[in-house]
Amino acid sequence: MSTPRSAATRGLVVETALRLFREEGYEATTMRRIASEAGLSPSNAYYYFSGKDELVQELYRRVQDEHRTLAAPRIEQGAPLAHNLTAVLHAGLDTMAPYHAFGSTMLATALRPGSPVNPFGEESTTSRAAATGLMEQVVRASTGVPGGATGERLPHLLWLAHMGVTLHWVLDTSPAQSRTRTLVDGGAPLLARVLRLSRLPVGRGLTDD
């Protein structure tokens, strides 16, 4: 059972790790360094987290929680899909903004085959489910959403679109990642228009594909 003291210590380890990730990069940050900066012994830090990979999973969960909190008020019931998707994607960029400094080094680690911090891996199931759940809220609230098999898979497909935006954001060197903002503003309405083709017999097969 977690006590207030242990919860505070766990939180200290997380905050210290995230600060060092931002300031020094993922690869340069070690558990020993995290423990030292937090004023703990290495064994104490390892008591709460088995290593950096588990801390990254904690970051994923934190980002998803913050993204949901920020995005939920921006989702408008009955608004077009393009509007709600754009709002949620921008909320995601707002949430991730403090972590851009170490995004590229984190990406190299996350995309390594078999990496335990790969967002598509088994270890990331919880955060991936949370992200897909947010897209389910978008689909339920929005108009212009296709039915059938495409509609059923749409939350997962929108999450994949979000991952594509995230990849672009990680590599975006423009001021305040403005190019990624432009991508969202143009890409979300375009995706919504493509999905509307499913209402037409001539476009249904293309949309399903």
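Index from 1, following the sequence.
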Side chains of [X] and [Y] in contact at under 4.5 Å (non-hydrogen atoms):
X      : Y      : answer
Leu93  : Arg181 : yes
His168 : Gln177 : no
Val14  : Leu55  : yes

Legend entry - Pairs satisfying salt bridge (charged side-chain N to carboxylate O under 4.0 Å, His left out), at least one member in residues 149-175, at least two apart: Asp172-Arg179
Say you draw a straight line from [atom1] of [X] to [atom2] of [Y]; how long is it, rounded to the nearest 0.5 Å?
X      : Y     : atom1 : atom2 : result
Tyr99  : Leu59 : OH    : CG    : 5.5 Å
Thr180 : His90 : OG1   : NE2   : 10.0 Å
Ile34  : Leu12 : CD1   : CG    : 11.0 Å
Thr166 : Met96 : OG1   : CE    : 4.0 Å
Leu134 : Ile75 : CG    : CD1   : 5.0 Å
Asn118 : Asp53 : CG    : CG    : 11.5 Å

Inset, instruction - Go through the steps to decide whether Leu195 and Thr150 satisfy the test side chain to side chain contact (heavy atoms under 4.5 Å, CB included), and finish with yes or no. - result: CA-CA 9 Å; Leu195 289 171; Thr150 301; 4.1 Å; yes
Report yes or no: do [X] and [Y] belong to one cluster of Ile/Leu/Val/Met/Phe/Trp/Tyr joined by side chain heavy-atom distances under 4.5 Å?
X     : Y      : value
Val13 : Tyr46  : yes
Leu85 : Val139 : yes
Val56 : Tyr48  : yes
Leu40 : Phe49  : yes

Inset, instruction - List the steps, then state whether side chain to side chain contact (heavy atoms under 4.5 Å, CB included) holds for Arg62 with Leu18. - result: CA-CA 11 Å; Arg62 174 173 294 199; Leu18 296 186; 3.7 Å; yes
Inset, instruction - For ring pair (Phe, Tyr, Trp, His ring centres under 6.0 Å), just list the numbers for Trp159 and His162, CA-CA rounded to whole Å, side-chain angles, deciding distance to a tenth of an Å, and then say yes or no. - result: CA-CA 5 Å; Trp159 172 73; His162 183 206; 8.3 Å; no
Backbone N or O of [Y] within a donor-acceptor pair of the [X] side chain at under 3.5 Å?
X      : Y      : result
Ser127 : Ser124 : yes
Lys52  : Met31  : no
Arg128 : Pro119 : yes

Inset, instruction - Show your reasoning for whether side chain to side chain contact (heavy atoms under 4.5 Å, CB included) applies to Leu191 and Leu81. - result: CA-CA 9 Å; Leu191 178 58; Leu81 176 61; over 6 Å; no
Any idea which heavy atoms bring [X] and [Y] closest together, and the distance?
X      : Y      : result
Val88  : His67  : O-NE2, 2.8 Å
Leu154 : Pro146 : CD2-CD, 4.0 Å
Ala45  : Ala35  : CB-CB, 3.8 Å
Val184 : Pro189 : O-CD, 3.9 Å
Gln137 : Arg68  : NE2-NH1, 3.0 Å

Inset, instruction - Say whether His156 and Thr132, considering side chains only, have a donor N or O and an acceptor N or O under 3.5 Å apart. - result: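 Side-chain D/A pair, His156 to Thr132: absent.
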Inset, instruction - Using a strict 4.0 Å threshold on nitrogen-to-oxygen distance, state whether Arg19 and Glu15 make a salt bridge. - result: no
Legend entry - Test side chain to side chain contact (heavy atoms under 4.5 Å, CB included) applied to Glu37 and Arg33, step by step: CA-CA 6 Å; Glu37 284 290 306; Arg33 175 91 168 107; 2.7 Å; yes
Inset, instruction - Give a yes or no on whether Phe120 atom CZ has more than 12 heavy-atom contacts from other residues, nucleotides or ligands under 6.0 Å away. - result: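 Yes, the 6.0 Å shell around CZ holds more than 12 heavy atoms from other groups.
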